[in-house]
Protein chains: 2
Amino acid sequence: MQVGADGPAVSARRDEILAIAAELFAEKGFATATVREIADTAGILSGSLYHHFDSKESMVDEILRTLLDDVLGRYRAAVAAGRDPAKTLRELVRAAFSALGSHRAAVAVMINEYNLLVQYPRFEYLRAGADETEQLWAGVVEDGIADGTFRSDIDPHMIYRFMRDAIWVSVRWYQPDGRYSPEEIADLYLDVLLDGIAA
Amino acid sequence: MQVGADGPAVSARRDEILAIAAELFAEKGFATATVREIADTAGILSGSLYHHFDSKESMVDEILRTLLDDVLGRYRAAVAAGRDPAKTLRELVRAAFSALGSHRAAVAVMINEYNLLVQYPRFEYLRAGADETEQLWAGVVEDGIADGTFRSDIDPHMIYRFMRDAIWVSVRWYQPDGRYSPEEIADLYLDVLLDGIAA
DNA sequence: GACGCGACCAAGCGCGCGCTAGGTTGCCCG
DNA sequence: CGGGCAACCTAGCGCGCGCTTGGTCGCGTC
């Protein structure tokens, strides 16, 4: 078995099972999906899962950590690039929507289980990630208000919440093979957000 | 025991227990909250719940039916009033946000459990309600596009989804004793939706 | 003062859950 | 060709779940 620097074990089979678990957690909820279902879908017996993972909880933990690492990395990079607020915000929105393409199931698990999991010490890092995200996004909105890009009569944190909710929850209706790609949805959303729907 | 025309039994104690169940379902999820917790909070034993209800499932059923009846009634009335699209849309958004005040827990249960429950025949009415809501809302947007109130280059159903998501999911951060009332949040949201955040 | 009934208790059943312990198989490497 | 190990199986334990059955208590009614 190969082992990362200080991370969990590395194995193709492991990743496969983790993807199956993410799909089932997304579809039925963490509590409702059972280890037997995950094992069945993977073509093994439930007990054999524990050769790869410590517990059901550690599966969802790994799914969410991977997602959070990826999107937070993109957010940090977008802000660090130091472009003007409008462009930076566009980068952030695109980064968030693009997670729909690359981590669809994980995003669904995140929005569905966040409130439940964040109550436990093991998952406190979820709150830390959410806080950092809010700082980054709201900061960009504040910068935009300061330099006149955005209206001065809006509440940056309220705007952040509206954006976050509309973006993340779109995982519930987003269809990978549907009419719009994540990038197109991002642009449609930004268009409405910036200019409104009034004629 | 009093009985409605064709509805379930009527009793103050029953309503009390139903409110407790809604609160726990909202906080921990339908699958995770147990009948023993509900009974404990109500100050009775778990078996005694079954004097009032057929099953745990019928509790969530009643919670969601009540919510759906209320909001759908408001939506129908708003559209039937026949005002101009801008005013009608404002009524719809306010009706949705006001449910945060009057049915906070029920709204949380609806958004958290919709995808799970709608898979079962017993809860098919949830999809029917969602479909009717989409027809009503998107219809108003279409009317607004037709008469020049709204931009003609937007997708009414996409706009509906963005609105619905941002509104309903706000139950996750809405605080009854917080800075903004549901009505104020509705107006803030409408302001951004109509005119955008660009200066 | 017995009766009916709404509200709840007492006790526990059966099921499916997450998880465990020890054994088997087959591939890779020296 | 033999040791080591990843992958999986076999069998089942114990717990907490939703729910059931039969009984108790007290209040309002005639």
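Just so it is clear, the structure is predicted and the values come from calculations on it, not from any experiment. Every chain is numbered from 1, with letters handed out A, B, ... down the list of sequences.
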Going through the distances and angles, do Arg122(A) and Glu57(A) end up as a salt bridge (Lys or Arg N to Asp or Glu O under 4.0 Å)?
-> CA-CA 9 Å; Arg122(A) 169 165 198 173; Glu57(A) 212 177 78; 3.2 Å; yes
Evaluate salt bridge (Lys or Arg N to Asp or Glu O under 4.0 Å) for Glu16(B) paired with Arg13(B), printing each intermediate quantity in order.
-> CA-CA 5 Å; Glu16(B) 210 175 315; Arg13(B) 184 60 171 139; 3.3 Å; yes
Evaluate the criterion side-chain contact (heavy atoms from CB on, under 4.5 Å) for residue pair Arg164(A) and Trp137(A); output intermediate values, then yes/no.
-> CA-CA 9 Å; Arg164(A) 177 199 57 189; Trp137(A) 285 59; over 6 Å; no
Arg179(B) and Asp155(A): salt bridge (Lys or Arg N to Asp or Glu O under 4.0 Å), yes or no, with the steps?
-> CA-CA 12 Å; Arg179(B) 188 168 162 190; Asp155(A) 177 338; 3.7 Å; yes
Arg127(B) and Glu134(B): salt bridge (Lys or Arg N to Asp or Glu O under 4.0 Å), yes or no, with the steps?
-> CA-CA 10 Å; Arg127(B) 174 168 286 119; Glu134(B) 177 155 7; over 6 Å; no
From CA spacing to verdict: side-chain hydrogen bond (donor to acceptor under 3.5 Å, both in side chains), Asp165(B), Trp168(A) = CA-CA 9 Å; Asp165(B) 294 344; Trp168(A) 286 103; over 6 Å; no
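Within the 4.0 Å cut-off from OP1 or OP2 of dC19(C), not a single side-chain nitrogen or oxygen of Arg36(A) is found. Within the 4.0 Å cut-off from OP1 or OP2 of dA7(C), at least one side-chain nitrogen or oxygen of Ser11(B) is found. Between Ser48(B) and dC9(C) there is a side-chain polar atom (N or O) within less than 4.0 angstrom of OP1 or OP2. Dashed line: the shortest gap from a side-chain N or O of Tyr50(B) to OP1 or OP2 of dT20(D) is not under 4.0 Å. In this structure, His51(A) does not reach the dC8(D) phosphate: none of its side-chain N or O atoms is under 4.0 Å from OP1 or OP2. Contact annotation: Arg14(B) side-chain N/O to dG6(C) OP1/OP2 distance is not under 4.0 Å.
Look at CZ on Phe30(B): it is 10 Å from C1' on dG18(D), rounded to the nearest Å. The separation between Ile38(B) atom CD1 and dC19(D) atom C1' is 13 Å, rounded to whole Å. Atoms NE2 (His52(B)) and P (dA7(C)) sit 6 Å apart, rounded to a whole Å. Note: CG (Leu49(B)) to C1' (dC9(C)) measures 13 Å, nearest angstrom. dA7(D) atom P lies 11 Å from atom CZ of Phe53(A), rounded to whole Å. Rounded to whole angstrom, the span from the CD atom of Glu57(A) across to the C1' atom of dG18(C) amounts to 11 Å. One atom, CE of Met59(A), and another, C1' of dC17(C), lie 13 Å apart when rounded to the nearest Å. When the C1' atom of dC17(D) is taken as reference, atom CD of Glu37(B) falls 11 Å away, rounded to whole Å.
For dC19(C), the base has a donor-acceptor partner in the side chain of Ser46(A) [N/O atoms by modelled type, under 3.5 angstrom].
Candidate nucleotides dC9(C), dC17(C), dC19(D) were compared by shortest atom distance to the side chain of Ile44(B), and dC9(C) ranks first. The listed nucleotides are dC9(C), dC9(D), dG18(D); the one nearest the side chain of Leu45(B) is dC9(C).
Put simply, CG on Asp191(B) and CD1 on Ile197(B) are 11.5 Å apart, with the number rounded to the nearest 0.5 Å.
Among residues at least two apart or in separate chains, ring pair (Phe, Tyr, Trp, His ring centres under 6.0 Å) pairs with a member in residues 10-35 of chain A are Phe25(A)-Phe30(A).
Checked against Leu193(A) for a side-chain contact (heavy atoms from CB on, under 4.5 Å), the options Leu89(A), Leu188(A), Ile167(A) give a single hit: Leu89(A).
Contact check of residues 115-126 of chain B against DNA chain D (heavy atom, cut-off under 4.0 Å) returns no residues at all. DNA chain D lies under 4.0 Å from no heavy atom of any residue of residues 17-29 of chain B.
Looking at heavy-atom distances under 4.0 Å, Ala39(B) makes no contact with the nucleic acid at all. Across all strands, Ala33(B) comes closer than 4.0 Å only to sugar-phosphate atoms, never to a base (heavy-atom distances).
Residues Gly47(B) and Ala12(B) each lie close to DNA chain C; by heavy-atom proximity, the contact nearer the 5' end of the strand is made by Ala12(B).
Geometrically, Arg104(A) does not engage Tyr174(A) in a cation-pi contact defined by less than 6.0 Å to the ring centre and at most 45° from the axis.
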